[in-house]
Amino acid sequence: MNKRLENLFSPEKLRKKWENSPSIEAVETKNVRLKTSHDVGSLFNQVSHEVLNQYDGEKKEVLEIMLNEIKENLDLFVETDRKGGTTAADTGCAVIEQINQLEDLLDAF
């Protein structure tokens, strides 16, 4: 077993993998075309509906605002992909960040 672990984590094997991996700069500056599902909007609407049905009053108003902002960025993200363009990393990151904020808010509620 030790020999197997030593073989798996040998510096020579790891060095080969590291040498063949793309540089961080290349990954950060490259626009990526993602193949998004064309029904992302309808799925998001279903999730939004379920979330909003759980709350009322001020909490529901705050959630509606957040969900609308996420929907706007998500629509932009999907539309860019449908047109065959490259999806800017900023848009994708904004959607992910907004979803994380929504998750945090729902945990707080």
Side-chain angles (χ1 to χ4, degrees):
M1 181 82 167
N2 285 339
K3 194 124 177 125
R4 186 172 177 208
L5 285 176
E6 288 175 12
N7 191 24
L8 284 173
F9 296 105
S10 72
E12 294 81 27
K13 283 192 172 192
L14 292 173
R15 192 173 297 113
K16 287 178 186 177
K17 288 182 182 180
W18 293 337
E19 289 172 355
N20 293 333
S21 65
S23 69
I24 292 174
E25 295 83 19
V27 172
E28 288 177 352
T29 59
K30 189 176 186 180
N31 284 337
V32 179
R33 179 156 180 345
L34 300 175
K35 196 162 199 152
T36 57
S37 171
H38 293 290
D39 62 345
V40 168
S42 64
L43 292 173
F44 184 80
N45 289 338
Q46 290 174 5
V47 170
S48 296
H49 181 73
E50 292 297 321
V51 168
L52 292 173
N53 281 340
Q54 303 297 316
Y55 301 95
D56 56 0
E58 291 180 5
K59 289 180 180 180
K60 186 172 185 174
E61 290 175 21
V62 170
L63 289 171
E64 285 175 334
I65 292 169
M66 286 189 82
L67 289 166
N68 287 335
E69 290 175 1
I70 294 171
K71 180 75 166 120
E72 288 175 14
N73 277 333
L74 188 61
D75 288 344
L76 176 64
F77 184 77
V78 171
E79 188 61 33
T80 302
D81 184 64
R82 282 185 184 157
K83 290 181 180 179
T86 56
T87 302
D90 291 342
T91 306
C93 289
V95 171
I96 292 168
E97 182 61 32
Q98 288 174 315
I99 291 171
N100 287 335
Q101 290 172 0
L102 176 65
E103 180 183 18
D104 292 343
L105 183 65
L106 290 172
D107 284 342
F109 284 168

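For this chain, numbers begin at 1 and follow the sequence in order. Note that the structure is predicted; figures quoted are calculated from it, not measured.
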Q: Could you tell me the separation between the CG atom of N73 and the NZ atom of K71, rounded to the nearest 0.5 Å?
A: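 The NZ atom of K71 is 11.5 Å from CG of N73, to the nearest 0.5 Å.
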
Q: Starting from I70, can I reach V62 by hopping between I/L/V/M/F/W/Y residues whose side chains sit under 4.5 Å apart?
A: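 Hydrophobic grouping puts V62 with I70.
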
Q: For residues L74 and V95, report the shortest heavy-atom separation together with the two atoms involved.
A: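 Minimum heavy-atom contact is N-CG2, 3.8 Å.
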
Q: Sequence neighbours excluded, which residues qualify as side chain to side chain contact (heavy atoms under 4.5 Å, CB included) partners of E50?
A: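 Partners of E50 under the side chain to side chain contact (heavy atoms under 4.5 Å, CB included) test: none.
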
Q: Starting at CG of L106, measure out to CE of M66 and round the result to the nearest 0.5 Å.
A: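 Between L106 CG and M66 CE, I get 8.0 Å after rounding to 0.5 Å.
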
Q: Measure the spacing between CG of L52 and CG of L67 and express it to the nearest 0.5 Å.
A: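 Interatomic distance, L52 CG to L67 CG, rounded to 0.5 Å: 5.5 Å.
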
Q: Considering only heavy atoms from C-beta outward, does the side chain of E103 approach that of I99 to under 4.5 Å?
A: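 Answer no - side chains too far apart.
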
Q: So, do E72 and D75 sit near enough that their side-chain heavy atoms are less than 4.5 Å apart?
A: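 Of all side-chain heavy-atom pairs linking D75 with E72, none is under 4.5 Å.
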
Q: Given side-chain contact (heavy atoms from CB on, under 4.5 Å), test Q98 with L102 step by step and report yes or no.
A: CA-CA 6 Å; Q98 288 174 315; L102 176 65; over 6 Å; no

Q: In chain order, what residues pass the side-chain hydrogen bond (donor to acceptor under 3.5 Å, both in side chains) check against N68, with sequence neighbours excluded?
A: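 With sequence neighbours excluded, N68 shows a side-chain hydrogen bond (donor to acceptor under 3.5 Å, both in side chains) to no residue whatsoever.
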
Q: H49 and N45: side chain to side chain donor-acceptor pair (under 3.5 Å), yes or no, with the steps?
A: CA-CA 6 Å; H49 181 73; N45 289 338; over 6 Å; no

Q: How about CG on N100, more than 12 heavy atoms from neighbouring residues, nucleotides or ligands closer than 6.0 Å, or not?
A: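 Yes - once you tally the heavy atoms of other residues, nucleotides and ligands closer than 6.0 Å, there are more than 12.
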
Q: With hydrophobic residues grouped by side-chain heavy-atom distances under 4.5 Å, do Y55 and V47 end up in a single group?
A: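 In one cluster: yes.
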
Q: Mind checking the CZ-CD spacing from F109 to E58? Nearest 0.5 Å is all I need.
A: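 One gets 9.5 Å once the value is rounded to the nearest 0.5 Å.
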
